[in-house]
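Taking it in order: structure first as structure tokens, then the write-up.
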Amino acid sequence: MGAQKLSGPDDAAESQQTLSAEIETIETEHKNAVAAGKPAETQPRLDYPPYRSSILRHPTKDPRHTDPETIELLSPAFGHRDLANLESDLTIQAGGEPIGERIKVTGRILDGDGRPVRNQLVEIWQANSAGRYIHKRDQHPAPIDPNFTGVGRTLTGDDGSYSFTTIKPGPYPWKNHHNAWRPAHIHFSLFGSEFTQRMITQMYFPSDPLFALDPIYQSITDQKARDRLVATYDHNVTEHEFLMGYNWDIVLTGANRTWMEEEDDD
């Protein structure tokens, strides 16, 4: 008998075709429901079967309120003087130039009536250009860039504007199913006047071929709501022979608000 091939951890995992068929079925059911007069689902389904870990991780009971004062005693605090202007430029935080496509992401934080949200603490984190995070749990065979931390923060201006200079992140594999890849994205964290007022979302890049294959992105079943997570290329932000520019506004409330992760999500 010949040598038997050893099974790897992903050998028995489901295929992308299986997940895509499930995504298509849910999408069709949602479109039919909207056509029948039901409201569009503009927020992600917490229990979205193609996103396999959501089956076990989604909340099954009513959330319990915690004492906000207790949380604030244990949470860090930042003021205007605690943030350095250089923290919004992720390309100059180490000893050399990071590798990859340099970009600038700008936009405004707005409420549901289009009014600017001033002095909002905005934090971002992301993978490097090879799709690798500096994190002990990220061990896939892509290089770590010693000149790129992937984290930054800033405060919004009086007009609600923010701006980050960074490197365009690469897609990366994850264990949801066999040959699963996440579209390139940047995580955004927004703080209000207190650390109990935190919202987290993700910004994507236009025309990503992985959109249709990604259960996290597709867990928002309404296409218009998904589109609000995608930045637009902005040639006025692009700088001559230096970087590409993108614009992405975040709407906190109202019918057109940007999707935010639930507090219990990772």
Side-chain angles (χ1 to χ4, degrees), residues 14-65 107-115 117 120 122 124 171 174-177 180-190 192 196-232 246-266:
E14 296 160 292
S15 68
Q16 179 66 61
Q17 288 79 3
T18 298
L19 271 291
S20 294
E22 293 182 16
I23 291 172
E24 184 177 356
T25 297
I26 295 172
E27 181 85 0
T28 300
E29 291 174 350
H30 175 258
K31 289 180 179 179
N32 291 339
V34 172
K38 292 186 178 181
E41 297 180 27
T42 59
Q43 295 296 300
R45 295 185 181 183
L46 299 182
D47 181 12
Y48 187 71
Y51 183 8
R52 290 297 187 246
S53 65
S54 74
I55 298 173
L56 298 176
R57 294 171 57 222
H58 79 281
T60 58
K61 298 179 177 64
D62 293 335
R64 295 182 178 181
H65 293 286
R108 300 175 69 203
I109 311 298
L110 306 168
D111 66 15
D113 296 320
R115 295 172 297 197
V117 181
Q120 180 88 30
V122 184
I124 64 170
W174 62 309
K175 299 295 185 179
N176 189 69
H177 53 280
W181 290 80
R182 293 244 45 226
H185 60 277
I186 298 176
H187 298 266
F188 275 71
S189 169
L190 311 175
T196 54
Q197 300 173 344
R198 189 188 188 198
M199 296 175 140
I200 299 174
T201 187
Q202 298 179 17
M203 186 208 83
Y204 297 88
F205 294 87
S207 303
D208 194 310
L210 294 173
F211 282 158
L213 308 179
D214 181 47
I216 294 180
Y217 177 79
Q218 293 292 333
S219 67
I220 305 173
T221 53
D222 182 67
Q223 183 61 55
K224 291 182 179 179
R226 289 197 294 258
D227 290 342
R228 291 196 285 271
L229 295 179
V230 182
T232 57
Y246 293 89
N247 186 271
W248 190 55
D249 291 342
I250 300 175
V251 181
L252 298 180
T253 58
N256 294 320
R257 72 185 181 103
T258 305
W259 165 76
M260 300 288 172
E261 295 180 8
E262 294 293 328
E263 291 182 1
D264 290 334
D265 288 355
D266 291 339

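As a basis for the values below, the full set of heavy atoms in this structure was taken, side chains included, without hydrogen atoms, waters or symmetry mates. Model, not experiment: these values are computed from the prediction.
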Review point. Is there a side-chain contact (heavy atoms from CB on, under 4.5 Å) between F205 and I186 once you walk through the steps?
Key: CA-CA 9 Å; F205 294 87; I186 298 176; 4.0 Å; yes

Exercise for review: For residues H185 and P183, report the shortest heavy-atom separation together with the two atoms involved.
Suggested key: ND1-O, 2.7 Å

Review point. Any idea which heavy atoms bring P215 and W174 closest together, and the distance?
Key: CD-CZ2, 3.7 Å

Revision key, fill the gap. Closest non-hydrogen contact found for P49 with I26 is CD-CD1, 4.5 Å

Exercise for review: Decide, yes or no, whether a salt bridge links D222 with K224 under the criterion of side-chain N to carboxylate O below 4.0 Å.
Suggested key: no

Point to revise | Check: R115 main-chain N/O paired with D113 side-chain donor or acceptor under 3.5 Å | key: no

Check your understanding: For Y48, does its backbone N or O pair with a side-chain atom of S54 as donor and acceptor, under 3.5 Å?
Key -> yes

Point to revise | Distance, nearest 0.5 Å, that separates NZ of K31 from CD of E29 | key: 12.5 Å

Review point. So F211 and Y217, would you call those rings parallel, tilted or perpendicular, with 30° and 60° as cut-offs?
Key: parallel

Exercise for review: For the residue pair L252 and L190, establish whether any side-chain heavy-atom pair is separated by less than 4.5 Å.
Suggested key: yes

Exercise for review: Look up atom CE in M203 and atom CG in N247, then write down how far apart they are to the nearest 0.5 Å.
Suggested key: 10.0 Å

Point to revise | Passing candidate, side chain to side chain contact (heavy atoms under 4.5 Å, CB included) with P50, options L19, L213, I216, N176 | key: L19

Revision key, fill the gap. The reported gap from CD1 in I23 to OH in Y51 (rounded to nearest 0.5 angstrom) is 12.5 Å

Revision key, fill the gap. CH2 (W248) and OG1 (T232) are apart, to the nearest 0.5 Å, by 11.5 Å

Exercise for review: Tell me, with the steps shown, if R228 and V251 meet side-chain contact (heavy atoms from CB on, under 4.5 Å).
Suggested key: CA-CA 9 Å; R228 291 196 285 271; V251 181; over 6 Å; no

Point to revise | Chi angles and distances behind the side-chain contact (heavy atoms from CB on, under 4.5 Å) call for T258, L229 | key: CA-CA 7 Å; T258 305; L229 295 179; 3.8 Å; yes

Check your understanding: Pairs in or reaching into residues 44-56: which pass salt bridge (charged side-chain N to carboxylate O under 4.0 Å, His left out), with residues at least two apart or in two chains?
Key -> E14-R52, E22-R52, E41-R45

Check your understanding: OG1/T201 to CD1/I250 distance, rounded to the nearest 0.5 angstrom?
Key -> 6.5 Å

Exercise for review: Using distance alone, with no hydrogens and no angle criterion, decide if D227 and Q223 have a side-chain donor and acceptor under 3.5 Å apart.
Suggested key: yes

Review point. In terms of side-chain heavy atoms, does T18 have a donor or acceptor partner in S15 at a distance below 3.5 Å?
Key: yes

Exercise for review: Give the C-alpha distance, both sets of side-chain angles, the deciding distance and a yes or no for side-chain contact (heavy atoms from CB on, under 4.5 Å) between H30 and K38.
Suggested key: CA-CA 9 Å; H30 175 258; K38 292 186 178 181; over 6 Å; no

Review point. How long is the gap from OG on S20 to CD on E27, to the nearest 0.5 Å?
Key: 12.0 Å

